[in-house]
2 protein chains.
Amino acid sequence: MSRRATATEPRRVQGHPVYEVKAELFRILGHPVRVRILELLRDGERTVGDLQHELALDSSGTSQHLGVLRRNGVLESRRESTNVYYRVRDPRTFQLLEVAREIIGSNLAESRDLLAELDRR
Amino acid sequence: MSRRATATEPRRVQGHPVYEVKAELFRILGHPVRVRILELLRDGERTVGDLQHELALDSSGTSQHLGVLRRNGVLESRRESTNVYYRVRDPRTFQLLEVAREIIGSNLAESRDLLAELDRR
DNA sequence: TACAAATCTTCGAAGATTTGAAGGTCTTAG
DNA sequence: CTAAGACCTTCAAATCTTCGAAGATTTGTA
């Protein structure tokens, strides 16, 4: 035996242990505007102006959040004359949103049940 | 027609629109220590001291991160004499980690392919 | 009761993120 | 070439998060 059982070397991605990269992905998704952007992109690409309008944000805020998502590989964009179209790069990103919704849904159901329980006394 | 097409009222959970609650869940998961805690709990409950040892953290840091996860409904705990055992409340939480891993995996594969592409010139 | 072990809380400094304002770049139409 | 539209960047103030030290609680045991 050359190692203790608990001292497993963590797998790495681009020099960072995987759990850090995962955390970073979640942190990137951890902003309401960015979640909404992803939801708006569920049905396909959209221009910045279009998103900006739906989000009721200014140009700066919209660009900044899109930039965070693009630089971190969640979104990609293409330019068509003066418009820039954004889309989600990996469709599994939507799965994250979907699973999150499910978890939230049943958390809610549980609190409802708990409240009903309390009422009954 | 009583409303414009784009002005849909957002669904709400505990007074917050769903996209905010989703973002919050992701934000909670968006810290390397908290991701590791969840990974350590994949095979069942663990005591605080045990986690603390694996994370190589002090008691304060461990408690604080566990507290964040518990207060937000990701974890739950039970006490057995002086030990507190933590476990993940909803197994779908692991699905989030799993999907994140897949996304990260293929992002990595893509960059590898891109680099190979560049090499070939 | 007094003590030790395990866990939790509080607090302030340091660090990271968000926001909004201002201005910059790029592209096409005229 | 110039103007207008669409998008992006920079910057500093405000806000939020993390970290570590110190101490408080809780529980079982002598």
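So that the names make sense, note that chain A is the first sequence line, chain B the second, and so on, each numbered from 1.
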Legend entry - Residues forming a salt bridge (charged side-chain N to carboxylate O under 4.0 Å, His left out) with E24(B), sequence neighbours excluded: R27(B)
Legend entry - Bounds of contact between DNA chain C and chain A, in 5' to 3' order, using a heavy-atom cut-off under 4.0 Å: dT17(C) to dT28(C)
Inset, instruction - Can you label the angle between the F26(B) ring and the F26(A) ring as parallel, tilted or perpendicular, going by 30° and 60°? - result: parallel
Legend entry - Salt-bridge criterion met for E76(A) and R70(A) (N-O under 4.0 Å): no
Inset, instruction - Indicate yes or no: at least one non-hydrogen side-chain atom of S106(B) is less than 4.5 angstrom from one of R92(A). - result: yes
Inset, instruction - Would you indicate whether the side-chain heavy atoms of Y86(B) and V84(B) approach each other to under 4.5 Å? - result: yes
Write down the distance between [atom1] ([X]) and [atom2] ([N]), rounded to a whole number of angstrom.
X      : N       : atom1 : atom2 : value
L66(A) : dC8(D)  : CG    : C1'   : 10 Å
Q64(A) : dC11(D) : CD    : C1'   : 10 Å
L57(A) : dC7(D)  : CG    : P     : 14 Å
Y85(A) : dA6(D)  : OH    : P     : 11 Å
D58(A) : dA6(D)  : CG    : P     : 15 Å
E45(A) : dC7(D)  : CD    : P     : 12 Å
Q52(A) : dG5(D)  : CD    : P     : 14 Å
H53(A) : dC7(D)  : NE2   : P     : 13 Å

Under 4.0 Å between any heavy atoms, over every strand shown, what does [X] touch: base, sugar-phosphate, or nothing? Just pick one.
X      : value
Y86(A) : sugar-phosphate
S63(A) : base
S81(A) : sugar-phosphate
T62(B) : nothing
G49(B) : sugar-phosphate

Legend entry - Toward the 5' end of DNA chain C, by each residue's nearest nucleotide, R27(A) or T82(A): R27(A)
Legend entry - Residue closer to the 5' end of DNA chain C, G61(B) versus V33(A) (nearest nucleotide): G61(B)
Inset, instruction - Count the heavy atoms of every other residue, nucleotide or ligand shown that sit under 6.0 Å from CZ of R78(B), and state whether that count exceeds 12. - result: yes
Inset, instruction - Tell me which of V68(B) and R71(A) sits closer to the 5' end of DNA chain D, going by the nucleotide each one is nearest to. - result: R71(A)
Legend entry - Value rounded to 0.5 Å, distance of CG in L40(A) from CG in L55(A): 5.5 Å
